[in-house]
There are 2 protein chains.
Amino acid sequence: MTTNEIAALLLNTPASVTDMLKKLSAKELINYQPYKGARLTEQGYKHATFLVRKHRLWKVFLYQSLNIPWEAVQEIAEELEHINSELLIDHLDSFLGFPKFDPHGDPIPNAQGKYTLRAQSLLSDLSPGKQGLIIGVKDQQLSFLQYLDEKGIGIGKTVTTIKHDPYDQSMIISMDQKEINLSGKAAGLIFIKSL
Amino acid sequence: MTTNEIAALLLNTPASVTDMLKKLSAKELINYQPYKGARLTEQGYKHATFLVRKHRLWKVFLYQSLNIPWEAVQEIAEELEHINSELLIDHLDSFLGFPKFDPHGDPIPNAQGKYTLRAQSLLSDLSPGKQGLIIGVKDQQLSFLQYLDEKGIGIGKTVTTIKHDPYDQSMIISMDQKEINLSGKAAGLIFIKSL
DNA sequence: ATTATAATTTAGACTAATCTAAAATAATCA
DNA sequence: TGATTATTTTAGATTAGTCTAAATTATAAT
């Protein structure tokens, strides 16, 4: 990623990002060469993985145990993920039953930092007549998640492609004995396991 | 509390505490007059109560749900308590079954900020032959909690006073069919409900 | 291959939170 | 009650994280 992209993502200026890169470099979490970009070191990768682990485990907890609505989960998890205690996270993991995926279908690194892989394809590639199990989403913007909620689409649902429009890629799928229209854009953001 | 005492507690210098008092005063959380001390405003009291609520609910969660050992609970709870979301805390409260007391026996304010009161006395005041139920401790220093752990003393245990030494106030109590020696100091830090 | 444009970094300023040392105020005691 | 001591506050320095504007470097276009 470029300095500007990071800045846009963090809602900071590129100048601030440059400072951060220098600091991360001093801590040996990244290898950084001015104007050339940066790359995580092994140590940095471990830090990042632990952060991902914390974030996704908290998401599972907030959503599954506390029943906190979608809209609020992301924001709270971003605060919780900064609490630094391996003990806490390992106990949380155990409490939750060592989940392998978070409520968006994203894989959760285990205590050793290993991700569970699984075969996945896009709903947009599911041929007419075929069945698929929804296992995740690619985009976690609120507007998209709400769009899915409205249509009743969620992780764990089984869908069948009825029709795939060759012109605009929009799809008609069946789910829960109902037919649903889906834009090509949306279908390309939904991960499925074909059945 | 004095400026110096606050400083000692926070492990900061008195100069820093003065700065904090001025800032809290600017936010109208305390009424502060230089050299005269400070007092919480109504708004400040509400903030403080919410902080206590957060802290104690997290403690219940860490201890009861996650089985995190004593020694670690306090430190983690101090980080968690700074996450500011009423939604989160109210859901956590509900998840935990709206507990009224934390694992040390300290009362937890409800969503309206009300504490549950209960009659309590000190173990040191329990006359020989009388029974009491341990419901809390007054001091939460690690060393004291470990001292209690070693003797098997904890919240929910029923004890009977056998003997009370008039000279050094030390006590012999019976618990779980065993006799236990307790210093006068310790007995004065244990809350009981007499039975 | 030069030049123009875009991306990135540097320099310097600002704020917030802390500190030390000095000054001001309050409390204590002879 | 006046002097001494303790407490508290102020003043000024330091560090970390951010910003804007200017300078530098890389990329793209003619």
>> What is the separation between atom CE on A:Met20 and atom P on C:dT9, rounded to the nearest whole Å?
In response: 13 Å
> Can you find an N or O donor on one side and an acceptor on the other, under 3.5 Å apart, linking the side chain of B:Tyr35 with the base of D:dT7?
Replying inline: no
> Would you say the side chain of B:Ile162 lies within less than 4.5 Å of the side chain of B:Pro128, judging by non-hydrogen atoms?
Replying inline: no
> Are more than 12 heavy atoms from other residues, nucleotides or ligands located less than 6.0 Å from atom CD of A:Gln131?
Replying inline: yes
> If we ignore angles and hydrogens, is there a donor and acceptor under 3.5 Å between the side chains of B:Asn84 and A:Glu79?
Replying inline: no
>> Using a 4.0 Å heavy-atom cut-off, does B:Pro14 contact any base of the nucleic acid, only the sugar-phosphate backbone, or nothing at all?
In response: base
> Within the pair A:Thr18 and C:dT8, is there a side-chain N or O less than 4.0 Å away from OP1 or OP2?
Replying inline: no
> Any side-chain N or O of B:Ser16 less than 4.0 Å from the OP1 or OP2 oxygen of C:dT18?
Replying inline: no
> How many Å lie between CG on A:Asn4 and C1' on C:dA6, as a whole number?
Replying inline: 9 Å
> Do the side-chain N or O atoms of B:Thr2 get closer than 4.0 angstrom to the phosphate oxygens (OP1, OP2) of D:dT7?
Replying inline: no
> Can you tell me how far P of D:dT18 sits from CG of A:Leu11, to the nearest Å?
Replying inline: 12 Å
> Is the centre of the A:Phe61 ring less than 6.0 Å from the centre of the B:Phe61 ring?
Replying inline: yes
>> Heavy atoms from C-beta onward define the side chain here; which of D:dT20, C:dA21, D:dT18 lies closest to that of B:Ala15?
In response: C:dA21
> Is the gap between the ring centers of A:Trp58 and A:His82 under 6.0 Å?
Replying inline: no
> Taking CD from B:Gln33 and C1' from C:dA24, how many angstroms apart are they, rounded to a whole number?
Replying inline: 17 Å
> Has A:Thr3 got a side-chain N or O lying under 4.0 Å from the OP1 or OP2 atom of C:dT9?
Replying inline: yes
>> Tell me the interatomic distance from B:Met1, atom CE, to D:dT8, atom C1', rounded to whole angstroms.
In response: 15 Å
> Does B:Tyr32 make a side-chain N or O approach to OP1 or OP2 of D:dT9 shorter than 4.0 Å?
Replying inline: yes
> Rounded to the Å, how far apart are B:Leu21 CG and C:dA17 P?
Replying inline: 13 Å
> Is the phosphate of D:dT9, meaning OP1 or OP2, less than 4.0 Å from a side-chain N or O of B:Lys22?
Replying inline: no
> Between B:Lys23 and C:dA17, does any side-chain N or O lie under 4.0 Å from OP1 or OP2?
Replying inline: yes
>> Rounded to whole Å, please give me the gap between CD in B:Glu5 and C1' in D:dT8.
In response: 13 Å
> Would one find a side-chain N or O of A:Asn12 under 4.0 angstrom from OP1 or OP2 of D:dG17?
Replying inline: no
> How long is the line joining CD1 of A:Ile6 and P of C:dT8, in whole Å?
Replying inline: 9 Å
